[in-house]
J.: 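Quick one: the structure is below, questions incoming.
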Number of protein chains: 2
Amino acid sequence: MDKKINADSCNCTIIHEDVVNKVKKDMPKEEKLYDLADLFKVLGDSTRVRILSALFHAEMCVCDIAALLNMNQSAISHQLRVLKQSRLVKNRRDGKVVYYSLDDEHVKSIFDQGLIHINEKD
Amino acid sequence: MDKKINADSCNCTIIHEDVVNKVKKDMPKEEKLYDLADLFKVLGDSTRVRILSALFHAEMCVCDIAALLNMNQSAISHQLRVLKQSRLVKNRRDGKVVYYSLDDEHVKSIFDQGLIHINEKD
DNA sequence: ATAACATATGAACAGTTATTCAGATGTTCA
DNA sequence: TGAACATCTGAATAACTGTTCATATGTTAT
């Protein structure tokens with residue numbers, strides 16, 4: 001309903017009010033965009049990217065991942081928690097060992113698109 | 001060539017050496033994964049996500065974006081620079097005004113996949 | 001029950017980053 | 001040339017985040 005542009009805090013005169021109003025109408029809900037940024041924030045760490053990339057190929061336990069990435073167990077465990085909170089991985093316990101695996105089919109395609117971008121721009 | 005697992009720094013005994021070796025072989029090059037994380041790092045900020053989301057719908061100048069997002073011009077300018085360095089946006093100057101637009105077709109599909117993930121998990 | 005092992009967790013520290021502020025640069029027009 | 005405006009930039013600050021360390025939890029086997 002309220003399509004009025006608030007120019008108080010941007011210290012600019014608005015140049016193209018029509019464009020701004022149109023875009024404002026067409027954009028997704030603010031909340032969704034914040035959630036999206038939060039998702040990318042989770043993906044925006046090399047340790048977590050490497051963990052996910054590993055889990056694309058096999059279910060793995062914490063120690064295996066730590067050995068693979070040459071990092072200590074605690075660091076991996078902390079990051080797995082972050083990934084789990086974002087529902088990107090899930091786990092199952094088998095005795096002492098906890099196995100982690102992917103909990104999302106879309107991450108793979110997000111990664112693939114990202115890699116295409118990278119490979120095109122260098 | 002060197003598929004030996006370095007377990008020195010992970011303070012774990014390796015449980016499934018076969019799995020670790022297989023995954024190590026199948027994973028993309030380390031460097032690509034770091035680049036990928038860097039890309040997601042750029043996408044992992046709500047201001048930048050909102051800017052890109054706006055640019056999906058129209059080319060816009062800095063002032064317009066600032067007004068749309070209700071932020072000051074300097075903050076937007078700083079973020080546009082980050083987006084440009086990652087080749088996600090490009091710009092053209094028309095007199096005093098600088099117009100920004102998307103410089104990547106893949107970002108849209110990365111966003112779409114991300115939104116699917118978000119919408120499924122709540 | 002206790003030792004051994006895999007994993008999880010909380011606190012602390014170091015490094016990174018987004019925004020703000022002040023001012024610089026570049027362009028247009030009178 | 002100088003005023004007005006759009007944009008850019010560097011420094012400073014405040015907030016956030018990843019890793020490490022020490023320790024806790026949970027499971028198995030003796």
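Naming convention: chains lettered A, B, ... in sequence-line order (proteins, then strands); numbering from 1 in each chain. Atom set for the values below is all heavy atoms of this structure, side chains included, hydrogens, waters and symmetry mates excluded. Because the structure is a prediction, the values reported are computed rather than measured.
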J.: Considering all heavy atoms of both residues, which atom of A/R48 and which atom of A/V42 are nearest to each other, and what is their separation?
T.: NE-O, 2.5 Å
J.: Between C/dT9 and A/S77, is there an OP1 or OP2 to side-chain N/O distance shorter than 4.0 Å?
T.: no
J.: Do B/Y99 and B/K90 have side chains that get closer than 4.5 Å, going by heavy atoms?
T.: no
J.: Nearest whole angstrom, please: distance from the C1' of D/dC5 to the CG of B/D94.
T.: 14 Å
J.: Answer yes or no: side-chain N or O of A/H78 and base N or O of D/dT20 forming a donor-acceptor pair under 3.5 Å.
T.: yes
J.: Of the listed nucleotides (D/dG26, C/dT19, D/dC8), which one gets closest to any side-chain atom of B/A75?
T.: C/dT19
J.: Rounded off to whole Å, could you give me the CG-to-C1' distance for the A/L43 and D/dG18 pair?
T.: 16 Å
J.: Identify which nucleotide among C/dT19, D/dT19, C/dT7 has an atom closest to any side-chain atom of A/V98, counting heavy atoms from C-beta outward.
T.: C/dT7
J.: Between A/G95 and A/D45, who's closer to the 5' end of DNA chain D by nearest nucleotide?
T.: A/D45
J.: Rounded to whole Å, please give me the gap between CD in A/Q79 and P in C/dT7.
T.: 16 Å
J.: Grab the NE2-C1' distance between A/H16 and D/dA6 for me, whole Å please.
T.: 11 Å
J.: Quiz question: by atom type and distance under 3.5 Å, do the side chains of B/H16 and A/D64 form a donor-acceptor pair?
T.: yes
J.: Give a yes or no on whether a salt bridge exists between A/D112 and A/K108, defined as a side-chain N under 4.0 angstrom from a carboxylate O.
T.: yes
J.: Would you say D/dC8 has OP1 or OP2 under 4.0 Å from some side-chain N or O of B/Y100?
T.: yes
J.: Can you tell which of D/dA6, C/dT9, C/dA8 lies closest to the side chain of A/S74?
T.: C/dT9
J.: What is the distance, to the nearest angstrom, from the CD atom on A/Q73 to the C1' atom on C/dG10?
T.: 14 Å
J.: Within the 4.0 Å heavy-atom criterion, would you say A/K84 contacts the bases, only the backbone, or no part of the nucleic acid?
T.: nothing
J.: In terms of side-chain heavy atoms of B/V97, which of C/dA18, D/dT17, D/dA6 is nearest?
T.: D/dA6
J.: Within this structure, what is the CG-to-P distance between B/D64 and D/dA6, rounded to whole angstrom?
T.: 10 Å
J.: A/N72 CG to D/dT23 P: how many Å, rounded?
T.: 16 Å
J.: Compare the minimum distances between each of D/dT7, C/dT7, D/dG26 and the side chain of A/K96, then state the nucleotide with the smallest one.
T.: D/dG26
J.: Does any donor atom in the side chain of A/S109 or B/Q113 lie under 3.5 Å from an acceptor atom in the other side chain?
T.: yes
J.: Quick one: is D/dG18 close enough that its OP1 or OP2 comes under 4.0 Å of any side-chain N or O from A/R48?
T.: yes
J.: Rounded to the nearest angstrom, tell me the gap between atom CZ in A/R93 and atom P in C/dA6.
T.: 12 Å
J.: Using OP1 and OP2 only, check whether a side-chain N or O of A/R81 sits under 4.0 Å from C/dA8.
T.: no
